[in-house]
Amino acid sequence: MAFFNQLTRRSLSQSAAMSAAIKNVTVIGSGLMGAGIAQVAAQTGHTVTMVDIDGEAVKKAEKRIGDSIHRVAKKKFADGDEANKFISEALGRLSTSTDAVSSVTASDLVVEAIVENLDVKKKLFAQLDAAAPQHTIFASNTSSLPIGKIAEATNRKDRFGGLHFFNPVPVMKLLEVVRIPETSQATYDAMVAWGKTMGKVTVACKDTPGFIVNRLLVPYMFEAVRMVERGDASPRDVDTAMKLGAGYPMGPFELMDYVGLDTGKFIVDGWAKADPDNPLFKSSELVNKLVSEGKFGVKSGEGIYKYKK
Ligand SMILES: C[C@H](O)CC(=O)SCCNC(=O)CCNC(=O)[C@H](O)C(C)(C)COP(=O)(O)OP(=O)(O)OC[C@H]1O[C@@H](n2cnc3c(N)ncnc32)[C@H](O)[C@@H]1OP(=O)(O)O
Ligand SMILES: NC(=O)c1ccc[n+]([C@@H]2O[C@H](COP(=O)([O-])OP(=O)(O)OC[C@H]3O[C@@H](n4cnc5c(N)ncnc54)[C@H](O)[C@@H]3O)[C@@H](O)[C@H]2O)c1
């Protein structure tokens, strides 16, 4: 027992040391997820660099963060001066860049939230691995790709894991923390501790397709699409049914538009490649057509439904 306590104390103090070291965070990708992760990290006292290859995406993200942080502050503080102080301090800790490599040289943690494409993610991490300090932990926010495959691009598999946030990041409480067999205990503990400083509730996940939430949620959303494709119900009625009959905050079509139809398509296409006979991973003609027309959902102004720009 004493030995166990000693081990526990040692691993706790190791992880405390690592998590104490997570002060500087680099978030790569400033889309829906990257902007949210960068915002919450800045709100919780971290120095954050948010990076995107596309300067326009950075500008859009700054606008989205500005709107969102005002909603957060309004809810958090009754006093207007305190709310303004919270906003200006958080935004003061957030800088932006379009150069990923130079943005990681003083980073303790890199969270990648770029496009859901294995080759693109691997290419990015290979470049970052050469530039980041030894102690830097790398994490991917991938929805569906194997963390182990992404980590293969680096020489730091022991300092690599998955940190899977949910959209909208400032509101959704969950963080899935994913470890691969090579992830060290100190890295895993540091990721969990950091998740808590971000105000999230963490769950432990293995590196399996979709981790916990998406393995259940994505087949559900595509089953709803197949129902509509068969002509059994309209998207509006399916959404109404699931909100009022199952208590979900959004119906499956509203949620697909919110997540991004392109992201949904990347996820099922990737899983179908790995497991072509699984009927749950069948692609959808309707989703393929909308994505080919650039109708990605809320972020592009149209998907299953139309949105005001
Ligand atoms: C695919 C990926 O890998 C994984 C995923 O991310 S899957 C997707 C997971 N996400 C979901 O399932 C989202 C489901 N939807 C919801 O929970 C809710 O519809 C929602 C939180 C998005 C919006 O809630 P809703 O009540 O319809 O709207 P709204 O009244 O505008 O917002 C509710 C509260 O959230 C806050 N909020 C909503 N969006 C916000 C944002 N972007 N930033 C800050 N605050 C926000 C509002 O301030 C509001 O707070 P209040 O009730 O205390 O005033
Ligand atoms: N949308 C969701 O609900 C959701 C939820 C959890 C996880 N994810 C995952 O998070 C990641 C990002 O998703 P998103 O919805 O924010 O996508 P998004 O399309 O909104 O944003 C992706 C951003 O990455 C940028 N980018 C692409 N390649 C880059 C590179 N090499 N370097 C720097 N920036 C680059 C793009 O310019 C774009 O701004 C994906 O892996 C996705 O599967 C998405």
Side-chain angles (χ1 to χ4, degrees), residues 26-40 43 49-61 63-76 96-101 103-104 110-128 139-145 147 150 162-176 178 205 209-218 220-221 239 242-243 247-252 254-270 291 296-300:
T26 305
V27 180
I28 318 242
S30 72
L32 286 179
M33 296 306 291
I37 298 165
Q39 176 190 331
V40 175
Q43 279 171 203
T49 310
M50 179 179 71
V51 185
D52 203 290
I53 35 167
D54 177 358
E56 279 307 307
V58 173
K59 276 193 204 143
K60 268 196 191 167
K63 159 99 180 59
R64 202 168 327 114
I65 290 172
D67 293 344
S68 174
I69 205 166
H70 275 89
R71 294 175 82 175
V72 171
K74 202 171 157 198
K75 207 153 76 176
K76 212 173 155 75
T96 62
S97 168
T98 50
D99 178 8
V101 170
S103 74
V104 299
V110 175
V111 184
E112 167 274 315
I114 68 168
V115 62
E116 187 76 340
N117 178 303
L118 181 61
D119 292 336
V120 181
K121 287 188 194 285
K122 282 179 82 166
K123 190 172 165 212
L124 172 73
F125 273 118
Q127 289 169 343
L128 302 183
S140 175
N141 180 55
T142 180
S143 300
S144 64
L145 298 170
I147 300 293
I150 306 172
L163 286 170
H164 185 225
F165 289 87
F166 293 82
N167 184 24
V169 182
V171 178
M172 301 299 282
K173 280 276 171 211
L174 186 69
L175 174 63
E176 290 180 328
V178 187
C205 296
F211 316 126
I212 298 174
V213 171
N214 283 344
R215 182 62 182 79
L216 299 172
L217 193 59
V218 174
Y220 150 75
M221 293 195 286
D239 281 346
M242 291 313 290
K243 285 188 287 188
Y248 287 19
M250 285 178 169
E254 290 167 334
L255 188 56
M256 282 185 101
D257 271 357
Y258 195 66
V259 164
L261 294 172
D262 52 338
T263 299
K265 178 175 159 50
F266 282 133
I267 296 173
V268 284
D269 286 356
V291 171
F296 300 150
V298 179
K299 67 181 167 187
S300 69

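Every number for a ligand or one of its atoms is a count from 1 in the order of the listing.
- When each atom of ligand 2 is checked for a heavy atom of T142 under 4.0 Å away, the hits are 41 (O).
- Using a 4.0 Å cut-off between charged nitrogen and carboxylate oxygen, K123 and D119 do not count as a salt-bridge pair.
- Here the side chains of L118 and I150 are in contact, with some heavy-atom distance below 4.5 Å.
- Protein heavy atom at the shortest distance from atom 15 (O) of ligand 2 is L32 CB, 3.8 Å.
- Enclosure of atom NZ in K243 by more than 12 non-hydrogen atoms of other residues, nucleotides or ligands within 6.0 angstrom is indicated.
- Of all protein heavy atoms, the one lying nearest to atom 3 (O) of ligand 2 is N167 CB, 3.3 Å.
- In terms of polar-atom proximity, defined here as any N/O pair under 3.5 Å, S143 does make such a contact with ligand 2.
- Looking only at side-chain heavy atoms (C-beta outward), M242 and M250 stay at 4.5 Å or farther from each other.
- Assignment of K121 to the shell around ligand 2 is supported, since a heavy atom sits closer than 4.0 Å.
- In terms of protein heavy atoms, atom 6 (C) of ligand 2 is closest to F165 O, 3.1 Å.
- Contact of the Q39 side chain with the P170 side chain is registered, since non-hydrogen atoms from C-beta on lie closer than 4.5 Å.
- At a heavy-atom cutoff of 4.0 Å, ligand 2 is contacted by the side chain of I28 but not by its backbone.
- The shortest side-chain heavy-atom distance between L128 and E112 does not fall under the 4.5 Å cut-off.
- For atom 44 (C) of ligand 2, the candidate residues are M256, K299, M33; the nearest heavy-atom contact is made by M33.
- Within 4.0 Å of ligand 1, protein heavy atoms belong to S68, R71, V72, K75, S143, H164, F166, N167, P168, P170, V171, M172, N214, L217, P249, M250, L255, Y258, V259, listed by chain and number.
- Nearest protein neighbour of atom 41 (O) of ligand 2, counting heavy atoms only, is E116 OE1, 2.5 Å.
- Heavy-atom separations between G260 and ligand 2 are all 4.0 Å or longer.
- Atom 31 (N) of ligand 2 has its closest protein heavy atom at I114 CD1, 3.8 Å.
- Here the closest non-hydrogen pair linking L174 and F166 is O-CD1, 3.4 Å.
- Remark: the backbone N or O of S144 is paired with a side-chain donor or acceptor of E116 at under 3.5 angstrom.
- Side-chain contact between F266 and L145: absent, with no pair of heavy atoms (C-beta onward) separated by less than 4.5 Å.
- For the side-chain hydrogen bond (donor to acceptor under 3.5 Å, both in side chains) with S30, the lone residue among D54, T98, D52, T96 that qualifies is D52.
- The structure places CG of D262 at 5.0 Å from CZ of F296, a figure rounded to the nearest 0.5 Å.
- For K60, the closest heavy-atom approach to ligand 2 does not fall below 4.0 Å.
- The protein heavy atom nearest to atom 10 (O) of ligand 2 is N141 ND2, 3.0 Å.
- Side-chain contact between T263 and S143 is present, with at least one heavy-atom pair separated by less than 4.5 Å.
- Using a 4.0 Å heavy-atom cutoff, F166 is absent from the residues neighbouring ligand 2.
- The distance from the CG atom of L32 to the CZ atom of R64 is 5.0 Å, given to the nearest 0.5 Å.
- Two residues are said to be in side-chain contact when any heavy atoms from C-beta on lie closer than 4.5 Å; H164 and T142 fail this criterion.
- Near A57, meaning under 4.0 Å from any of its heavy atoms, are these atoms of ligand 2: 39 (O).
- Within ligand 2, counting atoms from 1 as listed, the ones closer than 4.0 Å to a heavy atom of H164 are 6 (C), 7 (C).
- Here atom 25 (C) of ligand 2 lies nearest to D52 when heavy atoms of V298, D52, V169 are compared.
- Nearest protein neighbour of atom 32 (N) of ligand 2, counting heavy atoms only, is I53 CG2, 3.8 Å.
- Evaluated for a side chain to side chain contact (heavy atoms under 4.5 Å, CB included) with C205, the options I147, V213, V178 yield exactly one hit, V178.
- If you check which protein heavy atom lies closest to atom 21 (O) of ligand 2, you get G31 CA, 3.3 Å.
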